[in-house]
Undergrad: 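Have a look at the structure that comes next, please.
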Amino acid sequence: MEKIYTKHVGKNKFFKACPETVRFLLDYSRSLHVLEHEEFQFESMLN
Amino acid sequence: MKLQIEDSELVRDYISGDEKALEVLINRHNQRISSFIYSKVLDRDITEDIFQDTFIKVIKTLKKGSYSEEGKFLPWVMRIAHNLIIDHFRKNKRMPMFEGNDDFNIFSVIGDDKLNIEKQIIKDQIDSDLKELIEELPDDQKEVLLMRIYKDMSFKEISENTGVSINTALGRMRYALINLRKIIEKNNIVLTN
């Protein structure tokens with residue numbers, strides 16, 4: 001029985017994405033621009 | 001009392017160009033989404049990757065104006081994360097990843113068949129020494145041994161080529177090996193790789 005309980009110990013652990021990942025997403029968002037032309041959409045990354 | 005801006009309002013602000021709103025949304029739901037992903041994949045690095053891919057989808061959808069405020073923001077993001085988790089497991093099923101641990105290293109059973117430079121030099125040296133030793137054998141024994149080992153001929157073929165019976169060819173091979181061993185022992189030659 002112990003094995004069944006211990007198998008799932010890590011399942012409910014709280015986890016947070018690291019600040020670097022968040023920073024990357026915010027930078028990605030700032031650099032991403034969507035241009036629309038007629039019915040087309042174009043993605044462009046601006047540094 | 002601290003007033004919390006609704007997700008829907010933050011989403012509207014972000015679509016209007018307020019990048020700060022996205023930061024608030026990510027930080028607000030970081031733990032909930034990350035823990036959800038982690039509870040499924042049980043790997044920190046994969047969780048980070050899926051979390052990142054989830055928000056890349058969120059960002060693209062919001063910037064393209066494809067998001068419709070039909071449901072709530074968080075359940076929508078959770079659905080994206082859930083789909084990416086399924087994609088991750090599907091991908092791994094097609095190409096399962098094997099990780100070694102301290103007790104078992106995959107490279108101890110899967111190796112490169114090629115010899116490294118040192119072993120190749122040793123092998124060449126042994127081959128060369130062996131050729132010299134074979135030269136010491138009587139001609140009839142040397143002939144049978146060369147045909148058998150280097151030309152990979154059967155004893156039937158050897159007997160046909162040398163004009164002796166199969167038994168004689170077998171006998172000569174046997175004596176060739178006995179004599180080679182004697183020469184090796186007599187001269188204290190080490191032939192190992």
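Atoms considered below: every heavy atom in the structure, side chains included; atoms not considered: hydrogens, waters and symmetry mates. This one's a predicted model, so the numbers in the text were calculated from it and none came from an experiment. Chain naming here is simple, since letters A, B, ... match the order of the sequence lines and numbering starts at 1 in each.
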Undergrad: Might you confirm whether atom CZ of Arg181(B) has over 12 heavy atoms from other residues, nucleotides or ligands at distances under 6.0 Å?
TA: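 At most 12 heavy atoms, drawn from other residues, nucleotides or ligands, come within 6.0 Å of this atom.
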
Undergrad: Which bit of Lys60(B) comes within less than 4.5 Å of chain A, counting heavy atoms only: side chain, backbone, both or neither?
TA: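 The answer is both parts of Lys60(B).
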
Undergrad: Heavy-atom distance under 4.5 Å to chain A: side chain of Phe36(B), backbone, both or neither?
TA: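 No part of Phe36(B) comes within 4.5 Å of chain A.
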
Undergrad: Evaluate salt bridge (charged side-chain N to carboxylate O under 4.0 Å, His left out) for Asp53(B) paired with Lys57(B), printing each intermediate quantity in order.
TA: CA-CA 6 Å; Asp53(B) 290 346; Lys57(B) 276 198 177 227; over 6 Å; no

Undergrad: Report yes or no: does Thr21(A) contribute a side-chain atom to a donor-acceptor pair with the main-chain N or O of Ala17(A) at less than 3.5 Å?
TA: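 Such a contact is absent between Thr21(A) side chain and Ala17(A) backbone.
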
Undergrad: Looking only at heavy atoms and a cut-off of under 4.5 Å, which of Glu19(B), Arg32(B), Glu23(B) has the most pairs with chain A?
TA: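 That would be Glu19(B).
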
Undergrad: So which part of Leu22(B) gets closer than 4.5 Å to some heavy atom of chain A, the side chain, the backbone, both or neither?
TA: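 The answer is both parts of Leu22(B).
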
Undergrad: Angle between ring planes, Phe24(A) versus Tyr28(A), binned at 30° and 60°: parallel, tilted or perpendicular?
TA: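 Because their plane-to-plane angle is under 30°, the rings of Phe24(A) and Tyr28(A) count as parallel.
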
Undergrad: Verify, without hydrogens or angle tests, whether Lys63(B) (side chain) and Leu32(A) (backbone) share a donor-acceptor contact under 3.5 angstrom.
TA: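 Answer holds: yes.
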
Undergrad: Under 4.0 Å between a Lys/Arg side-chain N and an Asp/Glu carboxylate O for Lys20(B) and Asp13(B)?
TA: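 No, this pair does not count.
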
Undergrad: Which answer fits Glu43(A), side chain, backbone, both or neither, if we ask what part of it has an atom under 4.5 Å from a heavy atom of chain B?
TA: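 Contact with chain B: side chain only.
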
Undergrad: Listed by residue number, which members of residues 154-162 of chain B have a heavy atom under 4.5 Å from any heavy atom of chain A?
TA: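 Heavy-atom contacts from residues 154-162 of chain B to chain A are absent.
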
Undergrad: If you count the non-hydrogen atoms of other residues, nucleotides and ligands that lie under 6.0 Å from CG in Leu35(A), is the total more than 12?
TA: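 Yes - once you tally the heavy atoms of other residues, nucleotides and ligands closer than 6.0 Å, there are more than 12.
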
Undergrad: Does Asp127(B) come within less than 4.0 Å of Lys131(B), counting only side-chain N to carboxylate O?
TA: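 Answer for the salt bridge query: no.
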
